[in-house]
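Since the structure comes first, as C-alpha coordinates, the remarks are kept for the end.
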Amino acid sequence: AKIGTSVHNAILTDAEGGFPLLETEREAAYFSSYLHFKKKESPKFKMQVPRLYDDELMITGEIDALIDHLKAPMLMDW
(Lines give C-alpha, C1' and ligand atoms only; values in the text may rest on other atoms or scores of the structure.)
Protein backbone atom coordinates (compact mmCIF):
# COMPACT_ATOMS: atom_id res chain seq x y z
CA ALA A 1 0.00 0.00 0.00
CA LYS A 2 2.87 2.39 0.77
CA ILE A 3 4.36 2.00 -2.72
CA GLY A 4 0.98 2.56 -4.39
CA THR A 5 0.28 5.65 -2.30
CA SER A 6 3.73 7.05 -3.05
CA VAL A 7 3.36 6.47 -6.80
CA HIS A 8 -0.14 7.97 -6.87
CA ASN A 9 1.13 11.04 -5.02
CA ALA A 10 4.05 11.35 -7.46
CA ILE A 11 1.68 11.22 -10.44
CA LEU A 12 -0.56 13.85 -8.85
CA THR A 13 2.46 16.06 -8.18
CA ASP A 14 3.63 15.69 -11.78
CA ALA A 15 0.14 16.38 -13.16
CA GLU A 16 0.06 19.60 -11.13
CA GLY A 17 3.42 20.67 -12.57
CA GLY A 18 5.52 19.79 -9.52
CA PHE A 19 8.63 17.68 -9.15
CA PRO A 20 7.78 14.27 -7.69
CA LEU A 21 10.15 12.56 -5.28
CA LEU A 22 10.28 8.78 -5.08
CA GLU A 23 12.07 6.90 -2.31
CA THR A 24 12.75 3.51 -3.91
CA GLU A 25 13.72 2.01 -7.25
CA ARG A 26 10.47 0.04 -7.25
CA GLU A 27 8.43 3.23 -6.91
CA ALA A 28 10.46 4.79 -9.72
CA ALA A 29 9.79 1.76 -11.92
CA TYR A 30 6.02 2.11 -11.48
CA PHE A 31 6.24 5.87 -12.02
CA SER A 32 8.16 5.31 -15.25
CA SER A 33 5.10 3.49 -16.64
CA TYR A 34 3.09 6.66 -16.06
CA LEU A 35 5.83 8.73 -17.74
CA HIS A 36 5.68 6.42 -20.76
CA PHE A 37 1.90 6.91 -20.93
CA LYS A 38 2.31 10.67 -20.53
CA LYS A 39 4.88 10.89 -23.32
CA LYS A 40 2.82 8.72 -25.69
CA GLU A 41 -0.62 10.22 -25.02
CA SER A 42 0.08 13.84 -23.90
CA PRO A 43 -2.93 13.82 -21.56
CA LYS A 44 -4.62 17.08 -20.68
CA PHE A 45 -5.69 16.75 -17.07
CA LYS A 46 -9.11 18.21 -16.36
CA MET A 47 -9.24 17.33 -12.68
CA GLN A 48 -8.10 15.01 -9.96
CA VAL A 49 -11.11 13.29 -8.45
CA PRO A 50 -11.49 12.94 -4.66
CA ARG A 51 -12.10 9.56 -3.02
CA LEU A 52 -15.72 8.42 -3.25
CA TYR A 53 -17.58 6.65 -0.44
CA ASP A 54 -20.83 4.75 -0.07
CA ASP A 55 -21.55 4.30 3.64
CA GLU A 56 -24.58 2.08 3.03
CA LEU A 57 -22.62 -0.41 0.88
CA MET A 58 -19.46 0.16 2.93
CA ILE A 59 -17.28 0.63 -0.16
CA THR A 60 -14.82 3.26 -1.22
CA GLY A 61 -12.98 3.98 -4.43
CA GLU A 62 -11.01 6.59 -6.25
CA ILE A 63 -10.87 7.75 -9.84
CA ASP A 64 -7.34 9.06 -10.11
CA ALA A 65 -7.91 11.61 -12.88
CA LEU A 66 -10.22 12.84 -15.59
CA ILE A 67 -8.35 13.70 -18.78
CA ASP A 68 -9.21 14.88 -22.27
CA HIS A 69 -8.21 12.07 -24.59
CA LEU A 70 -8.67 12.28 -28.35
CA LYS A 71 -12.40 12.91 -28.85
CA ALA A 72 -13.77 11.87 -25.45
CA PRO A 73 -12.98 12.32 -21.75
CA MET A 74 -11.24 9.37 -20.07
CA LEU A 75 -11.28 8.25 -16.44
CA MET A 76 -7.86 7.12 -15.24
CA ASP A 77 -6.98 4.58 -12.59
CA TRP A 78 -3.24 4.52 -11.94
Side-chain angles (χ1 to χ4, degrees):
K2 182 179 182 295
I3 291 172
T5 299
S6 178
V7 173
H8 277 77
N9 288 339
I11 292 170
L12 176 61
T13 298
D14 182 75
E16 293 174 340
F19 185 77
L21 299 174
L22 298 160
E23 295 180 15
T24 69
E25 287 183 31
R26 190 165 178 203
E27 291 172 355
Y30 284 113
F31 186 72
S32 71
S33 294
Y34 157 76
L35 293 177
H36 176 74
F37 162 79
K38 180 181 167 185
K39 181 178 180 181
K40 181 180 177 191
E41 302 294 335
S42 300
K44 300 195 178 24
F45 289 87
K46 296 183 72 70
M47 66 185 294
Q48 302 295 320
V49 182
R51 183 167 283 282
L52 306 170
Y53 300 91
D54 187 312
D55 293 330
E56 185 177 315
L57 296 175
M58 297 179 61
I59 58 174
T60 183
E62 188 172 12
I63 302 164
D64 294 320
L66 174 64
I67 63 171
D68 277 334
H69 186 263
L70 303 175
K71 295 181 181 179
M74 180 182 285
L75 298 175
M76 300 303 299
D77 179 12
W78 312 120

Next on the checklist: Is there a continuous path of hydrophobic side-chain contacts, each under 4.5 Å between heavy atoms, that joins L12 to I63?
Outcome noted: no
Item to check | Whether H36 side chain and S32 backbone form a donor-acceptor pair below 3.5 Å | outcome: no
Next on the checklist: Tell me every residue that passes ring pair (Phe, Tyr, Trp, His ring centres under 6.0 Å) with Y34, counting only those two or more places apart in sequence or in another chain.
Outcome noted: F31, W78
Checklist outcome for this item: Closest heavy-atom pair, A28 versus L22, reported as atoms and distance to 0.1 Å, is CA-CD1, 3.7 Å
Next on the checklist: Once side chain to side chain donor-acceptor pair (under 3.5 Å) is applied, do any residues pair with T60, and if so which ones, sequence neighbours excluded?
Outcome noted: R51
Checklist entry - Counting only heavy atoms not in F45, do more than 12 fall under 6.0 Å of its CZ? => result yes
Item to check | Residue pair I67 / P43: nearest heavy atoms and the distance that separates them | outcome: CD1-CB, 3.7 Å
Checklist entry - salt bridge (Lys or Arg N to Asp or Glu O under 4.0 Å): which pairs involve residues 27-39, sequence neighbours left out? => result D14-K38
Checklist entry - Any chain of hydrophobic side-chain contacts (each under 4.5 Å) joining L52 to L75? => result yes
Checklist entry - Which is it for E23 and K2 under the side chain to side chain contact (heavy atoms under 4.5 Å, CB included) test, yes or no, and what are the steps along the way? => result CA-CA 11 Å; E23 295 180 15; K2 182 179 182 295; 3.3 Å; yes
Checklist entry - Does I3 offer a backbone N or O that forms a donor-acceptor pair with the side chain of S6 under 3.5 Å? => result no
Checklist entry - Do other residues, nucleotides or ligands put more than 12 heavy atoms under 6.0 Å from D55 CG? => result no
